[in-house]
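First comes the structure, then the notes that go with it.
Counting convention: from 1, in listed order, for ligands and their atoms alike. A quick note: this is a predicted structure, and the numbers were derived from the prediction, not measured.
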Amino acid sequence: MKVVTIAGARPQFIKAAAVSRVLRQEKGVHEILLHTGQHFDANMSKIFFDELGISNPDYNLGISCLQHGAMTGRMLERIENILIKEKPDWVLVFGDTNSTIAGALGAAKLHLKVAHVESGMRSFNRNSPEEINRVICDRISDLLLCSTTTAVKNLYNEGFARFACDIIQTGDVMYDAALYYSEKASRASRIMRQIPFKEFVLCTLHRQENTGDISILKRLILSLKKIHQKIPIVLPVHPGTRSRIQSLDLKLPFHIIDPVGYFDMLTLVKNCSLILTDSGGLQKEAFFFSKFCITLRDETEWVELVKLGVNKVTGSNQEKILSAFEFFMNKEFKSKARPYGNGDASEKIVAAMLRYS
Ligand code: UDP
């Protein structure tokens, strides 16, 4: 079985690492890794390959820093040529980025089978570029690999039972990764030497809906400043957010650090008191390591966390952010639920690909 795995953005390297590790243990499986180049800084890309032991990409397209249409279009053109040459049995894509949709579209038009990891996730916000990528990618995929029960329900609600595809609930590959790398991360990471606080709140911000709108960005920063007066905020800043903040000449009092690798991030998650984020992956990692999370978006795909009472979705509303902060800071994390499977999602994904190939 020949598989072309397509990844290009930070969270996809983590997801690809989890599946690739299992894929490459199978006899008779040949995986080709295609890096689109969407994320290219050493601390957004190379560090993940080094830490997670991902093999060097067979192809690196070096396509980044373009508007959505241009980026997706250029990726599509290059991916199509590679797929024509490689003729894989499967094209494996992850999540909801431009690399995901370019990979899935390139494959589907060549009648190659597409396996989509994190299928069925929905925020139901069509203004978000990720939501459009999710919906289209699911519709043209053959194997829809779902992290959660909600994801499966979303697909059935959209009529996917009538389509020529297979829907499988596998659990979440980021849970696999967190379990697999947790101890390794604790041993290897030196990040806590750079954090001069015993207690801190961990924050990340990178979504276009937050950083692209100046009034939302300023509102968020104001709320974060209020929290920072009570407990220091550590903010590993995404390159896009950094340049936005610089161009607007915004002054931030937080403990700002460069983006960190996965091992450092897991260590920060384990050591923090609370997480505030607009990241999808970080919401789940908060849960994996028994931390409450305030989601700085108007909606989340990871709704089970909200139902469990461990995640509050506040958007940029200051009142909601501060009341969620007070609520969680005085609470003990007790949930023992396991909505993301048993840490064997990657095994289930590979088994399904072998079964349907
Ligand atoms: N992450 C990291 N270093 C950072 C920030 C995030 O390793 O400085 C990890 C984080 O732990 C999670 C993933 O990157 O596993 C999430 O990526 P991101 O927030 O960029 O994307 P999203 O999950 O929102 O698609």
Side-chain angles (χ1 to χ4, degrees), residues 7-19 38-52 54 64 93-101 117-118 121-123 125 128-134 137 147 172-182 184-186 188-189 191 194-195 202-211 233-242 254-272 275-289 291 293 295-297 299-302 305 311 313 340:
R10 173 169 66 187
Q12 292 171 330
F13 306 139
I14 300 164
K15 293 165 198 176
V19 180
Q38 196 174 338
H39 283 164
F40 56 90
D41 290 330
N43 56 9
M44 296 290 287
S45 174
K46 185 174 183 310
I47 191 168
F48 293 90
F49 283 76
D50 293 345
E51 285 186 345
L52 309 185
I54 311 169
S64 63
V93 296
F94 300 86
D96 53 24
T97 70
N98 291 336
S99 305
T100 317
I101 188 63
V117 174
E118 277 190 9
M121 302 317 303
R122 295 288 184 269
S123 66
N125 175 2
S128 127
E130 290 88 359
E131 182 74 354
I132 295 166
N133 291 340
R134 289 179 195 121
C137 183
S147 298
D172 192 86
V173 293
M174 288 196 92
Y175 186 41
D176 297 13
L179 290 177
Y180 185 79
Y181 293 105
S182 172
K184 232 178 181 180
S186 297
S189 172
I191 190 70
Q194 284 179 45
I195 310 295
L202 178 62
C203 177
T204 72
L205 263 187
H206 75 283
R207 295 258 156 217
Q208 194 175 302
E209 61 242 46
N210 284 332
T211 58
I233 289 182
V234 172
L235 178 70
V237 71
H238 190 282
T241 309
R242 185 186 283 279
F254 319 126
H255 188 78
I256 293 182
I257 57 177
D258 285 333
V260 294
Y262 187 57
F263 288 176
D264 283 347
M265 198 60 184
L266 290 187
T267 307
L268 287 171
V269 171
K270 287 181 197 177
N271 283 280
C272 73
I275 291 176
L276 280 93
T277 189
D278 60 5
S279 158
L282 200 51
Q283 290 177 57
K284 288 182 282 177
E285 283 159 357
F287 179 74
F288 302 155
F289 295 102
K291 306 290 169 170
C293 180
T295 298
L296 304 170
R297 289 171 53 193
E299 67 284 311
T300 180
E301 304 77 69
W302 307 104
L305 299 176
N311 184 327
V313 177
Y340 299 113

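Within ligand 1, the atoms closer than 4.0 Å to a non-hydrogen atom of Gly280 are 22 (P), 23 (O), 24 (O), numbered from 1 in the order shown. Of all atoms in ligand 1, numbered sequentially from 1 with element shown, those under 4.0 Å from a heavy atom of Met174 are 12 (C), 15 (O). Remark: ligand 1 atoms within the under-4.0 Å shell around heavy atoms of Phe48 are 2 (C), 7 (O). Ligand-side atoms of ligand 1 in range of Gly261: 7 (O), range being under 4.0 angstrom from any heavy atom. Listed by atom number, the atoms of ligand 1 under 4.0 Å from Ser279 heavy atoms are 16 (C), 18 (P), 19 (O), 22 (P), 23 (O), 24 (O). Each of the atoms 8 (O) of ligand 1 lies under 4.0 Å from some heavy atom of Pro259.
For Thr241, there are no side-chain hydrogen bond (donor to acceptor under 3.5 Å, both in side chains) partners, not counting sequence neighbours. Scored by the salt bridge (Lys or Arg N to Asp or Glu O under 4.0 Å) test, Lys284 finds Glu118, Asp172 as partners (sequence neighbours excluded).
Remark: the Asn133 side chain and the Thr100 side chain contain no N/O donor-acceptor pair separated by less than 3.5 Å. A donor and an acceptor atom, one from each side chain of Thr97 and Glu130, are nowhere located under 3.5 Å apart.
Aromatic ring centres of Phe287 and Trp302: separated by at least 6.0 Å.
Proximity of Glu130 to ligand 1, defined as any heavy-atom pair under 4.0 Å, is not found for any part of the residue. Residue-level proximity to ligand 1 for Pro236 is carried by the side chain, the only part with a heavy atom below 4.0 angstrom. For His238, no heavy-atom contact with ligand 1 is shorter than 4.0 Å. Contact annotation for Ile14 and ligand 1: only side-chain heavy atoms (C-beta onward) come within less than 4.0 Å of the ligand.
Of the listed options Gln283, Met44, Arg10, Arg207, Arg207 places a heavy atom closest to atom 22 (P) of ligand 1. Of the candidates Ala9, Gly281, Pro239, Pro11, it is Pro11 that places a heavy atom closest to atom 21 (O) of ligand 1.
At least one N or O atom of Val260, backbone or side chain, sits closer than 3.5 Å to an N or O atom of ligand 1. In terms of polar-atom proximity, Asp96 is not counted as a contact of ligand 1, lacking any N or O under 3.5 Å from an N or O of the ligand. In terms of polar-atom proximity, defined here as any N/O pair under 3.5 Å, Thr204 makes no such contact with ligand 1.
Remark: Arg242 engages Asp258 in a salt bridge, criterion side-chain N to carboxylate O under 4.0 Å. With respect to the salt-bridge test (charged N to carboxylate O, under 4.0 angstrom), the residues Glu301 and Arg122 do not qualify. The pair Arg134-Asp96 meets the salt-bridge criterion, with a side-chain N (NZ, NE, NH1 or NH2) lying under 4.0 Å from an Asp/Glu carboxylate O.
The side-chain contact (heavy atoms from CB on, under 4.5 Å) test with Phe289 singles out one residue from Val269, Leu268, Asn271, and that residue is Val269.
Atom SG of Cys203 and atom CZ of Phe254 lie 7.0 Å apart (nearest 0.5 Å).
Protein heavy atom in closest approach to atom 10 (C) of ligand 1: Glu285 OE1, 3.3 Å.
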